Amino acid sequence: MSEPVRILFVCLGNICRSPTAHGVFENRIEQLGLAERFQIDSAGTAAYHVGKAPDPRTQAAARRRGYSLEHLRARAVDDEDFSRFDFILAMDDANLRDLRVRCPRGYKGHLGLFLDFAEGQRTREVPDPYYTSGEAGFDEVLDLVEAASEGLLRHVQREQGI
Ligand code: 4NP
């Protein structure tokens, strides 16, 4: 069998948006029996929350749609990630800028915005829900992440013939 496709989802704190992407994408490939074809991880450009589980509001929103994120723990992006991952997908432009600064010149993978894979979606960035009060911001993250996950999966399936 071919090498697994290695995907890293990145946001600022790794406690809201990127763990959501991590959990949703992992859930989808498990449902489809494709889990062993992928290695999925997530990380933050900042280290404020290293070692923490996803934000309780993120976990609650995910749980309402049947996803469990409780096994995930925050970590910071490290330089080795650029040799480990085929796709490094940022949630917003600030995350992407920070990643570009650290990215080695010879990086052969795909470094870009996650929402570029969301077909028919005009929003380019997953808005940071951390400082929003209600559930709506966390639900919006899930809507965007679910759409981009489907598009990313289709893209990889086409590219890899799986
Ligand atoms: P995330 O959200 O980048 O989606 O995990 C945030 C989490 C924490 C902070 C900012 C954004 N913070 O400033 O602590």
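Here the structure is a predicted model, which means the values were calculated and not measured. Excluded from the calculations below are hydrogen atoms, water molecules and symmetry mates; all remaining heavy atoms, backbone and side chain alike, are included. Start at 1 and go down the list; that is how both ligands and their atoms are numbered.
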Give me the ring orientation class for His110 and Phe117: parallel if the planes are under 30° apart, tilted from 30 to 60°, perpendicular past 60°. tilted

Against heavy atoms of Cys16, which atoms of ligand 1 measure under 4.0 Å? 1 (P), 2 (O), 4 (O), 5 (O)

Please tell me if the side chains of Gln39 and Arg84 come closer than 4.5 Å, counting only heavy atoms from C-beta onward. no

Please determine if Gly13 has a nitrogen or oxygen closer than 3.5 Å to a nitrogen or oxygen of ligand 1. yes

Can you tell whether the side chains of Arg6 and Asp81 come within less than 4.0 Å, N to carboxylate O? no

Show the atoms of ligand 1 that are less than 4.0 angstrom away from any heavy atom in Leu12. 3 (O), 10 (C), 11 (C)

Tell me, which protein residue and heavy-atom name are nearest atom 13 (O) of ligand 1, and how many Å apart are they? Tyr131 OH, 3.1 Å

For a side chain to side chain donor-acceptor pair (under 3.5 Å) check, start with the C-alpha distance between Asp98 and Asn95, then their side-chain angles and the critical distance, and finish with the verdict. CA-CA 5 Å; Asp98 290 344; Asn95 309 147; 5.5 Å; no

Between Asp55 and ligand 1, which residue portion shows a heavy-atom distance shorter than 4.0 Å: side chain, backbone, both, or neither? neither

Please check if atom CD in Glu70 has more than 12 non-hydrogen atoms from other residues, nucleotides or ligands closer than 6.0 Å. no

Where's the contact between Asp128 and ligand 1, heavy-atom distance under 4.0 Å: side chain, backbone, both or neither? side chain

Does some non-hydrogen atom of His49 fall short of 4.0 Å from ligand 1? yes

To the nearest 0.5 Å, atom CZ of Phe38 lies from atom CD of Glu3 at 13.5 Å

Note the single closest protein heavy atom to atom 1 (P) of ligand 1, along with its residue, its atom name and the distance in Å. Cys11 SG, 3.5 Å

Identify the residue among Arg65, Arg64, Arg63, Arg57 that makes a salt bridge (Lys or Arg N to Asp or Glu O under 4.0 Å) with Glu135. Arg64

What protein heavy atom lies closest to atom 7 (C) of ligand 1? Include the residue and the distance to one decimal. Tyr130 CD1, 3.4 Å

